[in-house]
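Everything on this sheet refers to the single structure shown next.
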Amino acid sequence: MSGPAAGTADAATTTDVVCLGESMVTFLPSQPGRLADVPSFGRGIGGAESNVACALAAAGHRAAWVGRVGADGFGDHLVETIASYGVDTSAVRRDPVRPTGIYFRTATDRGTDTHEVAYYRAGSAASAMSPDNVPYEDLLAGRILHLSGITAALSADCLALLRDLTAVRPGRPLVSFDVNHRPHLWRGGDADASVLLELARRCDLVFVGEDEAEEAWGIVGAEAIRAALPEPAVVVVKRGSAGATVFSGLRPGPRSSNAGGAGDAAGVAGFDPDTVTLVPALRVDVVAAVGAGDAFAAGFLSATLRGLPVRERVRHGHLMAAAVLTVPGDLTDPPARDHADRLAALDDDAWGRLRLGPGWTAADRAPEEVRTP
């Protein structure tokens, strides 16, 4: 069952997705190795929510990013770069006192023991976001509001902001939440686990990795994750190379009072109750394992906005993730929509035979030309 696309407003005049969170200037190593041994770094941008906004805008959607940056050159670079993807940055606020956050990282996969990240974000402009200084009229103007657990870890004010945005209110858009558990950002204890679970249960659509659910909550397996998150209409459990399992159905938890609109679980999700869908991952020749989770969320949200069936929503997530995995950085142009649609529509056998490598997103490549074993 495909269900309607998210929201009921005129898609030509309404922002599709508003993403809130911190974006930072990231310094990428010129060669592999320890941070102590890397001789130079190239400048890029990084931020889970702005990554999602950039990917959606590149895919042809109306996306906005709301954040807070310093009144400095790094803030200028962030806003200009994100805007260059077609993202609306008009609601970004500049902090005259606090700086824009920056970080350095190694070239290795974040999941390995050799990966290093050095953050310089304490006291950043974004950490000062609060219910008192963000533009609510912009945050609530889209068909979907996309948040992540990273923001909740930045400060008590940021956590208060996320609690307020996930509260039931008239006209609340569909609220999408990527758990994004980052233990090093939290200030100690097990509070982070309970906070992330609390926030996730207040949202309509939740993305969570099977590994991070075990790390944060001690919960093992997709079914157990769904049992811990009974309220969201849609829970997407990312299972690495095994693919993704989606639980979708009408649940008894709190919902927006905007019945039939973008925040209504039945109207947006369009699924029969208690539907479970398993979608295998693609085989990908990975260049750099960064940014894939954000790209997956963007692909799933893009297909949700278009009202595609759940299998295609997950497949578009896998395809957008594969686009990022086959380039060195966190961001890249996604495949053309008709190209992605052809691949997402393949039968299960053909989907299972796909193996995507660098250059696969080229618009002139038909499905049978994509690398296969």
Side-chain angles (χ1 to χ4, degrees), residues 1-7 10-12 14-17 51-63 85-87 142-144 146 174 176 205 207 234 236 238 243-246 248 262 268-271 275 277-285 291-327 331-372:
M1 183 174 183
S2 63
D10 181 357
T14 303
T15 300
D16 290 321
V17 182
N51 284 349
V52 172
C54 289
L56 284 165
H61 296 284
R62 292 175 176 263
Y85 282 85
V87 175
R143 300 163 67 191
I144 296 175
H146 181 69
L174 184 153
S176 166
L205 165 59
F207 299 95
V234 180
V236 182
K238 298 176 290 182
T245 299
V246 180
S248 49
V268 174
F271 299 118
T275 299
T277 307
L278 288 74
V279 182
L282 290 161
R283 286 177 293 172
V284 179
D285 295 333
D294 303 330
F296 178 92
F300 191 95
L301 291 175
S302 172
T304 298
L305 288 161
R306 297 170 60 200
L308 299 183
V310 63
R311 186 188 74 158
E312 278 67 26
R313 297 183 194 198
V314 181
R315 283 188 169 188
H316 276 278
H318 286 321
L319 289 165
M320 202 168 282
V324 169
L325 288 170
T326 50
V327 298
L331 292 167
T332 189
D333 289 333
R337 181 171 291 183
D338 60 347
H339 185 192
D341 282 346
R342 291 197 302 271
L343 294 179
L346 293 174
D347 62 44
D348 290 344
D349 287 342
W351 176 264
R353 290 195 302 270
L354 286 180
R355 182 170 181 174
L356 306 181
W360 76 268
T361 59
D364 59 348
R365 299 184 73 172
E368 60 272 14
E369 296 172 321
V370 177
R371 179 180 172 186
T372 58

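Atoms considered below: every heavy atom in the structure, side chains included; atoms not considered: hydrogens, waters and symmetry mates.
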Atom [atom1] of [X] and atom [atom2] of [Y]: how far apart are they, to the nearest 0.5 Å?
{"X": "His316", "Y": "Arg337", "atom1": "NE2", "atom2": "CZ", "result": "8.5 Å"}
{"X": "Leu319", "Y": "Leu354", "atom1": "CG", "atom2": "CG", "result": "8.0 Å"}
{"X": "Leu308", "Y": "Phe300", "atom1": "CG", "atom2": "CZ", "result": "10.5 Å"}

Side-chain ([X]) to main-chain ([Y]) donor-acceptor, under 3.5 angstrom:
{"X": "Arg283", "Y": "Arg353", "value": "yes"}
{"X": "Ser302", "Y": "Ala298", "value": "no"}
{"X": "Trp351", "Y": "Pro280", "value": "yes"}

Just so I know, are the side chains of [X] and [Y] near enough to count as touching, which here means a heavy-atom distance under 4.5 Å?
{"X": "Leu301", "Y": "Ile144", "answer": "yes"}
{"X": "Trp360", "Y": "His339", "answer": "yes"}
{"X": "Val234", "Y": "Arg313", "answer": "no"}

Is the shortest side-chain N to carboxylate O distance from Asp347 to Arg311 below 4.0 Å? no
Salt-bridge contact Asp16-Arg62 (side-chain N to carboxylate O under 4.0 Å): no
What are the two closest heavy atoms between [X] and [Y], and how far apart are they?
{"X": "Val324", "Y": "Ala292", "answer": "CG1-N, 4.2 Å"}
{"X": "Ala57", "Y": "Ala63", "answer": "N-CB, 4.1 Å"}
{"X": "Ala53", "Y": "Val87", "answer": "O-CG2, 3.4 Å"}
{"X": "Asp333", "Y": "Ala323", "answer": "O-CB, 4.4 Å"}
{"X": "Ala244", "Y": "Val314", "answer": "CB-CG1, 3.9 Å"}
{"X": "Asp294", "Y": "Val52", "answer": "O-CG2, 3.5 Å"}

Would Val17 and His61 count as a side chain to side chain contact (heavy atoms under 4.5 Å, CB included) here? Give the steps. CA-CA 8 Å; Val17 182; His61 296 284; 5.9 Å; no
Quick one: are the ring centres of His318 and Phe296 less than 6.0 Å apart? yes
Before you tell me yes or no, could you show the steps for Leu174 and Leu205 under side chain to side chain contact (heavy atoms under 4.5 Å, CB included), namely the whole-Å CA-CA distance, both residues' side-chain angles and the distance that decides it to 0.1 Å? CA-CA 8 Å; Leu174 184 153; Leu205 165 59; 4.1 Å; yes
Before giving the answer on side chain to side chain contact (heavy atoms under 4.5 Å, CB included), spell out for Leu343 and Arg315 the whole-Å C-alpha distance, their side-chain angles and the decisive distance to 0.1 Å. CA-CA 8 Å; Leu343 294 179; Arg315 283 188 169 188; over 6 Å; no
Using 30° and 60° as the class boundaries, would you call the ring planes of His146 and Phe207 parallel, tilted or perpendicular? perpendicular
